[in-house]
Amino acid sequence: MDKNYDFKTVEDKWRKDWDKKELFKFSFKEGDRLFVVDTPPPYVSADHLHAGHIMSYAQAEFIVRYKRMQGFKVFYPMGFDDNGLPTERFVEKKYKIDKSRTTKKEFIELCLKETEKGIETYRNLWNSLGISVDWSKTYSTIAPLPTKVSQWSLIDLYKKGVLYRQELPILWCPHCQTAISQSDLEDKEKNSKMNYLSFPIENEESVVIATTRPELLPACVALYFNPTDERYKELIGKKAIVPLFNQEVSFKTSEAVDKEKGTGLMMVCTWGDQEDLEKWRMDNLETKSLLTPDGKLNELGQKYQGMKIEAAREAIINDLKEQGFLIRQEDITHSVNVHERCDTPVELILSKQWFIKIADLKEKWLEMGKKIAWHPEYMRDNYEIWVNSLKWDWCVSRQRYYGVPFPFWYCSDCGEVILPDEKDLPVSPTEQKAPVNECPKCGGSIIPETDVMDTWATSSCTPFLLKEMIGNDQLFPVDLRPNAHEIIRTWDFYSIVKSTYHFNAIPFKNIMVSGHGLDEQGKKISKRLGNYVPSDQLVDEWGADAIRYWATGAGLGQNLRFNPKEIKKGKQIVTKLWNVAKFIDLNLTDFEEKEIKLETPDLWILKEMNETIKKATESFDNYEYAKAKGEIEEFFMSKFCDYYIEFVKYRLYGEDNESKKAAQTTLKKVFINILKMFAPILPFITEEIYQNFAKESIHISSWPKAEEVKDEPDFIEAISAIDEIRKYKSENQISLGAELEEYKLQTKVNLDKYGEFIKKAIRVKEIK
RNA sequence: GGGCGAUUAGCUCAAUUGGUAGAGCACUUCGUUUACACCGAAGGGGUUAGAGGUUCGAGUCCUCUAUCGCCCACCA
């Protein structure tokens with residue numbers, strides 16, 4: 001063995017070896033125990049890989065390697081989420097193009113090109129980190145099979161009556177020009193002005209209303225106050241005139257109006273916010289649709305027609321001021337719902353879209369959530385909070401180019417929906433003919449649906465996509481879904497929705513939720529802040545094992561700071577394992593194990609080892625890789641290196657062959673189990689060392705089993721005695737290697753039994 | 001405003017069911033020793049955020065307060 005451990009050469013060697021031997025390729029036969037992992041398919045548009053990515057994927061992979069050693073046949077494919085808005089936005093930004101100013105064909109080609117690149121970037125990183133996925137089973141969400149499964153899913157939902165198409169006020173992104181869903185929203189603090197406007201009342205004085213959105217005045221349809229509000233009681237039955245636009249609106253009351261907010265009077269427009277929508281729905285108010293899909297005022301805006309929202313707001317405020325309707329203004333900051341992909345404030349517009357029923361089935365979603373084992377447990381709360389906050393059905397249609405098409409055609413006359421035959425899936429309605437030439441109901445002509453699916457409508461199929469990839473229903477539900485907490489409300493929730501509707505089953509039995517990677521100051525790592533070292537540089541500098549070690553630093557659900565010291569510590573452990581390996585290797589000879597007569601220190605370390613195996617196994621079983629690492633490391637560094645190796649040196653160098661063999665056997669046995677326990681976390685160094693002893697990969701070897709060992713309970717006293725002498729030597733500045741002539745021991749210990757051992761282990765000639 | 005997490009040594013974190021607060025890093029001192037200077041040994045360092053309560057006993061359970069993070073709500 002080389003004197004120094006060269007991680008670059010070694011890690012590269014095993015990467016190639018595993019790849020060549022297809023070590024992680026999935027295969028199983030009847031009776032095998034399966035472990036199916038539904039890994040988050042990353043957006044290929046996320047081209048800035050950093051420690052946070054390493055952390056979350058490594059944490060899941062610790063469990064995967066552990067399960068494999070436990071004898072499970074692991075199905076661990078990798079997917080890529082490459083369709084939909086994220087990719088389009090990425091391409092738009094990168095090539096500085098606008099969807100509306102390029103042809104659909106060119107645009108899709110660029111998306112596909114970037115998709116390919118993205119997959120390569122990810123694949124390189126996973127490989128360098130030793131993420132043991134089965135690369136022969138890779139999917140991308142826009143490929144034929146996933147498209148087929150996503151389309152089948154929609155057809156099934158349609159047949160079950162839970163997918164419907166309706167014209168409704170929906171969440172709309174004026175920048176991306178597409179419908180979006182509640183889960184695509186993000187909060188953003190914005191500076192704004194609260195405008196206090198005077199609304200004249202017929203034959204009377206005016207009332208004052210506060211609003212941040214005067215540009216919605218043309219769509220104002222009613223004014224509301226709280227029924228207990230004495231100030232406005234007598235307004236019922238009267239009408240106010242909307243400033244500038246002059247439509248008459250009536251006063252209404254609602255318990256939901258807060259007397260303390262603004263002036264206690266609220267204007268309802270169609271539609272500025274959730275509250276508007278609810279009043280509109282409840283009181284059956286008039287519909288005044290004001291916005292165009294690109295976020296401009298339509299003809300209802302009169303002289304402001306064609307202006308963008310912000311421009312119209314400014315112009316209207318100016319005119320209000322001029323004509324004396326603006327009483328006063330206040331600077332405020334408030335949070336605004338923006339589209340998370342582009343930061344544009346979202347609007348509500350009337351549009352015909354496809355929806356999946358979710359808002360009325362909260363109880364069902366909660367019930368399904370309870371059937372899943374959440375790691376950590378409290379993450380279920382996050383899920384339940386989201387479910388309870390649902391207000392809208394899931395809008396799954398998007399007016400974009402690069403995505404999985406809806407598998408539907410319509411009758412242009414009666415609107416009848418035409419479904420394809422399931423055996424013809426996948427289909428692309430805009431490019432192929434419908435299964436019928438004319439509407440079977442009215443004989444009208446057929447037009448294709450041009451919408452594509454929301455990205456989550458495709459990725460939420462992965463739990464049952466996996467079984468389709470293998471063609472075996474036993475793979476569903478999957479055993480483990482690992483992901484970060486921000487996609488509980490999307491990927492996880494929608495997966496639960498779909499599996500419930502399709503199979504009345506949970507999609508995954510276990511979910512492990514990871515935290516975020518933070519920079520050294522504790523800030524979330526993000527592309528915008530640039531506060532990260534690219535992942536490939538990290539691996540190059542420290543090696544995969546050391547980085548993976550760092551990833552054990554936070555328990556499930558916890559954020560983890562980037563910390564070079566912890567990576568260094570990982571490197572130190574790798575080096576330590578290497579040095580121990582050299583030491584043991586040098587002193588090993590072949591012998592028959594049955595002749596061995598173990599001595600007290602041997603029994604002690606074996607007993608300690610079995611305790612460690614028990615604890616590490618339990619921790620890994622509970623997805624607590626951080627705890628497992630702590631237990632293994634403590635045993636290796638303190639018990640094995642600091643004590644046991646020191647205890648047996650004199651036997652290894654001595655003349656008593658029987659005693660020497662016992663020490664050697666124990667060293668080897670314990671060390672191999674240490675390697676095995678470290679293997680899920682440090683796959684490279686453990687493989688390198690293990691294959692010096694064994695001819696197979698450590699990663700398909702079996703996880704150690706704890707055995708019962710009868711040790712000598714009073715041996716602990718001998719260890720205390722050795723501690724005492726170590727301390728004495730250190731305090732008196734004597735080298736640990738120097739032999740003391742004589743020492744008077746304070747610690748109570750059975751010297752008849754352990755005197756000789758202590759003298760030799762810590763080098764003292766005479767103990768009193 | 002509601003909820004969920006967190007707060008333990010200078011730093012990063014442990015602490016089974018309530019039972020003498022522990023590691024690593026950093027710091028101080030020592031040690032070239034035949035696995036390891038990519039090293040080893042020893043040492044100093046804590047009113048467990050604060051205040052109450054339950055208990056023979058609280059880092060751990062309860063109540064309140066403060067600070068931080070996240071989720072949800074908040075556009076009148």
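Chain A is the first sequence line, chain B the second, and so forth, proteins listed ahead of strands; every chain is numbered from 1. Not measured: the values here are computed from a predicted model.
- Comparing B:U34 with B:U12, their C1' atoms are spaced 36 Å from each other, to the whole Å.
- We find that CD1 of A:Ile632 is positioned 16 Å from C1' of B:A23, with the value rounded to whole Å.
- Closest to the side chain of A:Asn4, from the set B:U33, B:C38, B:G69, is B:C38.
- Look at CZ on A:Arg726: it is 22 Å from P on B:U29, rounded to the nearest Å.
- Going from the C1' atom of B:G57 to that of B:C38 covers 47 Å, rounded to whole Å.
- In this structure, the nucleotide among B:G69, B:A41, B:C75 sitting nearest to the side chain of A:Asn337 is B:C75.
- Comparing B:C4, B:C72, B:G43 by their nearest atom to the side chain of A:Asp381 picks out B:C4.
- The same atom, C1', is picked in B:U17 and in B:C13; the two are 23 Å apart, to the nearest Å.
- Salt-bridge annotation for A:Lys233 and A:Glu230: present, with a side-chain N of the basic residue lying under 4.0 Å from a carboxylate O of the acidic one.
- Between B:U20 and B:G1, the two C1' atoms lie 45 Å apart (nearest whole Å).
- A cation-pi geometry, defined here as NZ or CZ lying under 6.0 Å from the six-membered ring centre and within 45° of its normal, does not hold between A:Lys576 and A:Phe636.
- The side chain of A:Lys576 places an N or O atom within less than 4.0 Å of a non-bridging phosphate oxygen (OP1 or OP2) of B:G40.
- On the C1' atoms, B:A49 is 6 Å away from B:U7, given to the nearest whole Å.
- Between A:Lys639 and A:Glu608 there is a salt bridge, since a side-chain N of the basic residue sits under 4.0 Å from a carboxylate O of the acidic one.
- At B:U12, one or more side-chain N or O atoms of A:Arg561 fall inside 4.0 Å of OP1 or OP2 (strictly under the cut-off).
- Taking atom CD1 on A:Ile685 and atom C1' on B:C38, their separation rounds to 12 Å, with Å as the unit.
- The cationic group of A:Lys629 lies under 6.0 Å from the six-membered ring centre of A:Tyr549 and within 45° of the ring axis, placing it in a cation-pi geometry.
- For the OP1/OP2 pair of B:G24 and a distance below 4.0 Å, the side-chain nitrogens and oxygens of A:Gln572 include no atom meeting the criterion.
- The residue A:Glu646 sits close to a base: some heavy atom pair falls under 4.0 Å.
- Within the 4.0 angstrom heavy-atom criterion, no nucleotide atom of any strand lies near A:Val574.
- Using a 4.0 Å cut-off between charged nitrogen and carboxylate oxygen, A:Glu347 and A:Arg213 count as a salt-bridge pair.
- Nearest nucleotide to the A:Leu736 side chain, out of B:U33, B:C71, B:A42: B:U33.
- Atom name P, nucleotides B:G19 and B:U48: the rounded distance is 16 Å, in whole Å.
- Comparing the C1' positions of B:U8 and B:G2 gives an interatomic distance of 29 Å, to the nearest angstrom.
- With respect to A:Lys569 and A:Glu633, a salt bridge is recorded, a charged nitrogen being found less than 4.0 Å from a carboxylate O.
- Rounded to a whole Å, the CG atom of A:Asn382 is 9 Å from the C1' atom of B:G5.
- In this structure, A:Met379 reaches neither bases nor backbone, as no heavy-atom distance under 4.0 Å exists between it and the strands shown.
- Taking 4.0 angstrom as the limit, A:Lys727 places a side-chain polar atom (N or O) nearer than this to OP1 or OP2 of B:G43.
- A salt bridge is defined here as a Lys NZ or Arg NE, NH1 or NH2 lying under 4.0 Å from an Asp or Glu carboxylate O, and A:Glu310 with A:Arg313 fails to meet this definition.
- One can place CD of A:Glu724 at 13 Å from P of B:A42, the figure rounded to the nearest angstrom.
- Along RNA chain B, the nucleotide nearest to A:Asp642 and the one nearest to A:Gly553 differ in position, and the one closer to the 5' end is contacted by A:Gly553.
- Distance from the side chain of A:Arg763 is smallest to B:U34 among B:G69, B:G43, B:U34.
- Distance, A:His485 NE2 to B:C4 P: 17 Å, rounded to whole Å.
- Side chain A:Lys571 to base B:C38: no donor-acceptor pair is found below 3.5 Å.
- Picking from B:G24, B:C4, B:C75 the nucleotide with the shortest atom distance to the side chain of A:Lys569 gives B:G24.
- Separating the P atom of B:C62 from that of B:G5 is a span of 11 Å, rounded to the nearest Å.
- With hydrogens and angles left out, the side chain of A:Ser389 and the base of B:C72 share no donor-acceptor pair within 3.5 Å.
- The separation between A:Gln733 atom CD and B:U29 atom P is 11 Å, rounded to whole Å.
- In this structure, NZ of A:Lys729 is placed 10 Å from C1' of B:U33, rounded to the nearest angstrom.
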